[in-house]
Amino acid sequence: MAEEERLQSENSAPEEEPEEHRIDPEVEARRRVALSHVRVFGDPALRTKAAPVRTFDDSLLTEVARMAALMHDALGVGLAATQLGVMHRLLVYRAGADAPLIAVVNPQLEWSSPELELAEEGCLSLPGVIVDVERPLHVRIGARDERGEPIVIEASGLEARVLQHEIDHLDGVLILDRTVKEQRKEALRALREGGSSRPAGEPQLEASPA
Ligand code: ZN
C-alpha cells in the first residue's frame, strides 16, 4: 500500500509540462533578460540586511518602476530591492494577475496569526528550487508607500505569503532557511549542480517565484 502510494507520487513528477508552463518565446526572452538582473544564490546581497529608506524622492519612484517592470518580465509575484543588489528596505508585489502593483517601503510586521499554512514557494534568486515553507496565514504590516505616506496592509493567503517572503529578503533570509532540513539539502544540491528540486509527493498548488 505504502509502495503504491510512493509509485503514484513518483509518477506524478512534472514530466508532462502543464499548459501554463509552455511559455511564448517572446515572453521567455523577456524573462531571461529580467532574470539576468536578479542576484542569485551565492551573492552576498541576498544575505545582507537592507537599510531603511530615508528619502522619498523621484529616484525612489524610478527604482519602484524599474522593480515593477523586472518583476513583471520575470513572471514573479514579488521582488525585493536586495534581489537587485539595492540595499533598501523596499519591495514590490502583485498578489494575482489582476491585482494592483503595490510598493512597500520600510515594512514592519505588526501582527501575524497563530494559524500557519504550509505551501510550496519558489524564489527568483534560487533558480529551479521549490520548497515547502510554513508561514502565518494572516499578517498585518505597517509601512510607507513610495511617496512616503503611511500604509497598513492586512493580508491573507498568497498575499500574506509573498509579503513575508519579500520582507525576509530585506533581512537576508531565504526560503532555504525556512524549510525542513531534507528539502534544504536537496535544494542546495540542485543549486550546486544547476538542476532543480521540489518537495516529494503530491504537488501542491505552486506559488509563483518571488
Ligand atoms: Zn525570493
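Here, residue 1 is the first one in the sequence, and each next residue gets the next number.
For the pair P150 and R144, the minimum side-chain heavy-atom distance is below 4.5 Å. Put simply, the side chain of E159 reaches to within 4.5 Å of the side chain of I153, judged on heavy atoms. Residues V173 and I167 form no side-chain contact, since every pair of their non-hydrogen atoms from C-beta on lies 4.5 Å or further apart. V180 places none of its side-chain heavy atoms less than 4.5 Å from the side chain of D132. Counting only heavy atoms from C-beta outward, the side chains of V104 and Y93 approach each other to under 4.5 Å.
Atom CZ of R189 is surrounded by more than 12 heavy atoms from other residues, nucleotides or ligands within 6.0 Å.
Heavy atoms only, all atoms of each residue included: Q83 and C123 are closest at NE2-SG, 3.9 Å.
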(message) Would L116 and L137 count as a side chain to side chain contact (heavy atoms under 4.5 Å, CB included) here? Give the steps.
(response) CA-CA 5 Å; L116 307 174; L137 187 54; over 6 Å; no
(message) With side chain to side chain contact (heavy atoms under 4.5 Å, CB included) as the criterion, how do L126 and I175 come out once you've worked through the C-alpha distance, each side chain's angles and the decisive distance to 0.1 Å?
(response) CA-CA 9 Å; L126 303 171; I175 52 177; 3.5 Å; yes
(request) Could you walk me through whether L79 and L91 pass side chain to side chain contact (heavy atoms under 4.5 Å, CB included), step by step? (result) CA-CA 6 Å; L79 187 67; L91 64 92; over 6 Å; no
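Within the 3.5 Å criterion, the main-chain N or O of H138 finds a donor-acceptor partner in the side chain of S113.
Salt bridge annotation for R161-E121: present, with a cationic side-chain nitrogen under 4.0 angstrom from a carboxylate oxygen. A salt bridge links D168 with R135: the distance from a Lys NZ or Arg NE/NH1/NH2 to an Asp or Glu carboxylate oxygen falls below 4.0 Å.
A donor-acceptor contact closer than 3.5 angstrom links the side chains of E63 and H88. Side-chain atoms of D57 and S59 form a donor-acceptor pair, as typed in the model, at a separation below 3.5 Å.
Results of the side-chain hydrogen bond (donor to acceptor under 3.5 Å, both in side chains) test with R47 over T82, D177, D171 single out D177 as the only residue that passes.
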